[in-house]
Amino acid sequence: MTTLKAVRGTRDLLPPETALWNRIEATARAVFARYNFGEIRTPIFEDTGLFARSVGEETDIVSKEMYTWEDRARAQSEKPQSLTLRPENTAGVVRAYIEHKLGETGQLQKLYYIGPQFRRERPQKGRYRQFSQIGAEVIGPPSAGSESPLRDAEVLEMLATLLDELGITGWTLEINSVGSSADRARYNEVLRAALIPVAAQMCGDCQRRAVTNPLRVLDCKVAEDQAIIDALPKIADSLDGESKDHFAAVTAALDKAEVPYTRNYRLVRGLDYYTRTTFEFTHGGLGAQNALLGGGRYDGLSEAIGGPKAPGIGFAMGEDRLVLTLLAQESAVPQVLADAYIAPLCDEKKPDVLVLVSATALFLARELRRQGLRVELGDGSFRLKKSFEAGNRTARHIVILGEDELESGILTVKDFASGIQTKVPRAELAAFLSQPSGEPAGDSTS
RNA sequence: GCGGCUAUAGUUCAGCGGCAGAACGCCUGACUGUGGCUCAGGAUGUCGUGGGUUCGAUCCCCACUAGCCGCCCCA
């Protein structure tokens with residue numbers, strides 16, 4: 001029988017790496033709080049129709065990457081409902097916005113989420129079938145200012161702040177405007193026409209894209225094609241006046257806030273709901289999956305799924321990719337050391353004392369832990385050498401609790417970093433252990 | 001979904017058609033109330049899974065599975 005393993009594209013996260021995940025999430029929550037965002041948690045699965053109508057029927061995500069199944073019919077007469085594991089979270093957030101009539105509050109909604117998403121793609125470094133996204137959405141009725149370019153700029157400025165506070169160095173922000181859906185449709189035709197005479201000179205992929213999805217030609221990385229692509233009409237020229245002004249206001253605010261960015265007229269994103277501002281934060285060292293996060297404005301999404309007019313802007317960052325980037329930068333996650341390892345000690349020929357020493361060790365650990373110290377309790381093997389070896393791996397200090405200590409109430413504490421051993425009265429133990437390593441105080445004996 | 005590379009000890013990886021290897025880690029002892037450094041010793045294992053070729057396969061062949069890289073796409 002083959003042993004069971006995590007299914008393809010999924011993985012277990014173990015300590016100490018999970019500490020890094022927690023740090024990332026805590027940092028994100030702290031930054032979102034400062035921008036006055038609240039957390040939203042939407043279900044992990046939704047009606048399949050939600051994604052088809054929001055992300056877009058023809059996108060790769062919807063057409064071939066979703067985990068979809070038919071739920072059991074509730075009654076004989078009913079059709080079974082088609083359900084899907086969420087491949088992204090914006091659709092769920094907008095669905096919740098509509099369902100709870102958040103637009104009726106008249107307020108701008110600023111919501112963030114952290115959670116797993118699912119896409120059935122071929123796994124690679126930085127790409128998993130279950131992956132975690134940290135995202136946020138700013139959405140509301142136009143009267144609440146949801147269409148303001150200031151919202152776009154604020155979100156981008158927040159992301160720059162978040163990446164900096166996470167310690168990610170060397171990111172780049174690329175932004176573009178894809179205009180209104182009408183602008184985009186118009187540009188698509190302009191591009192298609194412009195490609196007809198030149199497609200034959202381009203790579204095989206581009207020849208195919210020229211017909212199936214002209215916008216994707218702009219993403220081509222083949223060196224020989226670049227000159228041709230540069231000469232193609234730019235989407236900026238297909239934007240109407242309003243979209244142009246909107247984009248200009250976004251970049252003006254970014255300039256003033258000193259958020260570095262580059263304008264990338266080729267940046268087109270794969271989800272159908274994007275309008276006007278689109279952006280990506282990228283990082284080298286992630287290989288082919290170089291996008292740390294992506295996002296944009298989606299002024300028509302709510303209406304597309306049957307809701308009120310509710311323009312919005314949002315982003316999703318790949319938490320797995322943040323972890324990879326930070327691991328590459330920091331080389332390893334440092335093991336967290338406990339403040340103390342308590343080593344009970346007693347001659348095994350005195351079973352009653354042994355029980356007392358063990359019991360006292362637990363009580364001592366309880367006292368210290370209640371005072372906020374991180375404490376490892378020894379295993380009761382009462383072999384001091386083993387205790388020292390174990391303690392040295394897991395803690396900054398070892399606290400020896402033997403018959404002598406039990407009687408006197410004065411514990412023997414050794415600092416592993418300095419090698420200095422000290423007698424510490426029980427009442428002063430917590431304060432002593434709280435000091436930084438290698439700087440012992442109090443009575444110092446050998 | 002397509003193409004390439006890979007799969008051997010807890011980890012990183014050598015290796016060979018004929019007894020399964022190294023380093024690190026782990027365990028024991030030198031040292032019975034003192035770790036790290038050193039020295040001596042020890043255990044590592046379905047050689048990814050299933051088939052085939054062969055007297056004999058961890059090695060060669062095929063399939064499958066998984067990982068990595070690229071394509072596609074995306075976070």
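Chain identifiers are assigned alphabetically (A, B, ...) following the order of the sequence lines, protein sequences preceding nucleic acid strands; residue numbering begins at 1 within each chain. What's counted below: heavy atoms across the whole structure, side chains too, no hydrogens, waters or symmetry copies.
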field: G-U wobble or Watson-Crick pairing nucleotide for C24(B) (cut-off 3.5 Å, both distances)
entry: G10(B)
query: If pairing requires Watson-Crick or G-U wobble contacts with both distances under 3.5 Å, which nucleotide is the partner of A30(B)?
result: U38(B)
message: By nearest atom, which of the nucleotides G36(B), U34(B), G67(B) is closest to the Gln421(A) side chain?
response: U34(B)
field: U54(B) - base-pair partner by Watson-Crick or wobble geometry, distances under 3.5 Å
entry: none
task: Find out whether the Lys NZ or Arg CZ of Arg11(A) is both under 6.0 angstrom from the six-membered ring centre of Tyr128(A) and within 45° of the ring's axis.
output: yes
task: On the 0 to 90° scale, with breaks at 30° and 60°, tag the Tyr112(A)-Phe32(A) ring pair as parallel, tilted or perpendicular.
output: tilted
- request: Answer yes or no: side-chain N or O of Lys385(A) and base N or O of U34(B) forming a donor-acceptor pair under 3.5 Å.
  value: no
query: Between C47(B) and A9(B), how far is it from one P atom to the other, in whole Å?
result: 9 Å
message: If the threshold is 4.0 Å, N to carboxylate O, is there a salt bridge linking Glu154(A) and Arg151(A)?
response: yes
- request: Look at the rings of Tyr273(A) and Tyr298(A) and say which category their plane angle falls in: under 30° parallel, 30 to 60° tilted, over 60° perpendicular.
  value: perpendicular
- prompt: Would you say a side-chain N or O of Arg8(A) is under 4.0 Å from OP1 or OP2 of G67(B)?
  reply: yes
query: Looking at Arg86(A), Gln130(A), Glu88(A), Arg129(A), which hits side chain to side chain donor-acceptor pair (under 3.5 Å) with Gln117(A)?
result: Arg86(A)
message: I'd like to know if Asp152(A) pairs up with Arg297(A) as an ion pair, taking the criterion as any Lys NZ or Arg NE/NH1/NH2 lying under 4.0 Å from an Asp or Glu carboxylate oxygen.
response: yes
- prompt: Taking the side chain of Ile400(A) as its heavy atoms from C-beta onward, which of G33(B), C74(B), G67(B) lies nearest to it?
  reply: G33(B)
message: Measuring from the side chain of Phe416(A) (C-beta onward, heavy atoms only), which nucleotide among C71(B), C74(B), G35(B) has the closest atom?
response: G35(B)
- line: Regarding the side chain of Asn392(A), the nearest nucleotide among A75(B), G36(B), G33(B) is G36(B)
query: Taking the side chain of Lys414(A) as heavy atoms from C-beta outward, which of C74(B), C71(B), G35(B) is closest to it?
result: G35(B)
- prompt: Within the structure, does a side-chain N or O atom of Gln124(A) lie under 4.0 Å from either OP1 or OP2 of G70(B)?
  reply: yes
task: Could you let me know what C2(B) is paired to, Watson-Crick or G-U wobble, both distances under 3.5 Å, or none if it's on its own?
output: G70(B)
- prompt: Within the structure, does a side-chain N or O atom of Arg120(A) lie under 4.0 Å from either OP1 or OP2 of G1(B)?
  reply: yes
task: Answer with yes or no whether Arg127(A) presents, from its side chain, a donor or acceptor under 3.5 Å of a partner atom in the base of C73(B).
output: yes
- request: Have a look at Tyr128(A) and say if it touches a base, only the backbone sugar-phosphate, or nothing, with a 4.0 Å heavy-atom cut-off.
  value: base
query: Where does C19(B) fall, syn or anti, if syn means a chi angle no more than 90° from 0?
result: syn
message: Classify Gly294(A) by what it touches in the nucleic acid, base, sugar-phosphate, or nothing, heavy-atom distance under 4.0 Å.
response: sugar-phosphate
message: Could you tell me how far G70(B) sits from U12(B) if I compare only their C1' atoms? Round to whole Å.
response: 25 Å
- prompt: Just checking Gly9(A): base, sugar-phosphate only, or nothing, at a heavy-atom cut-off of under 4.0 Å?
  reply: sugar-phosphate
query: Closest nucleotide of RNA chain B for Glu280(A) versus for Leu345(A): which of these residues is on the 5' side?
result: Leu345(A)
field: Side chain of Ala291(A) (C-beta onward), nearest among A75(B), G36(B), G33(B)
entry: A75(B)
- request: Describe the nucleic acid contact of Asp320(A) in one word from base, sugar-phosphate, nothing, applying a heavy-atom distance below 4.0 Å.
  value: nothing
- line: Nearest-nucleotide check on RNA chain B, Met317(A) vs Arg393(A); residue mapping nearer the 5' end is Arg393(A)
Watson-Crick or G-U counterpart of G45(B), or none if no pair lies under 3.5 Å: none
task: Could you check which of G35(B), G67(B), A75(B) has an atom nearest any side-chain atom of Phe388(A)?
output: G35(B)
query: Is any N or O donor-acceptor pair between the side chain of Arg122(A) and the base of C74(B) shorter than 3.5 Å?
result: no
task: Choose from C73(B), A75(B), U34(B) the nucleotide whose nearest atom is closest to any side-chain atom of Asp60(A).
output: C73(B)
Under 3.5 Å donor-acceptor, Asp183(A) side chain and Ser180(A) backbone: yes
message: Quick check for you: among C68(B), U34(B), A66(B), whose closest atom lies nearest to any side-chain atom of Thr412(A)?
response: U34(B)
statement: Testing U28(B), A75(B), C72(B) for proximity to the side chain of Lys386(A), the answer is U28(B)
message: Distance check, C1' atoms only: C68(B) and C60(B), in whole angstrom units.
response: 25 Å
query: Which part of the nucleic acid, if any, lies within reach of Gly419(A) when heavy atoms closer than 4.0 Å are counted: base, sugar-phosphate only, or nothing?
result: base
- prompt: Looking only at N and O atoms, is any donor in the side chain of Glu405(A) or the base of G33(B) less than 3.5 Å from an acceptor on the other one?
  reply: yes
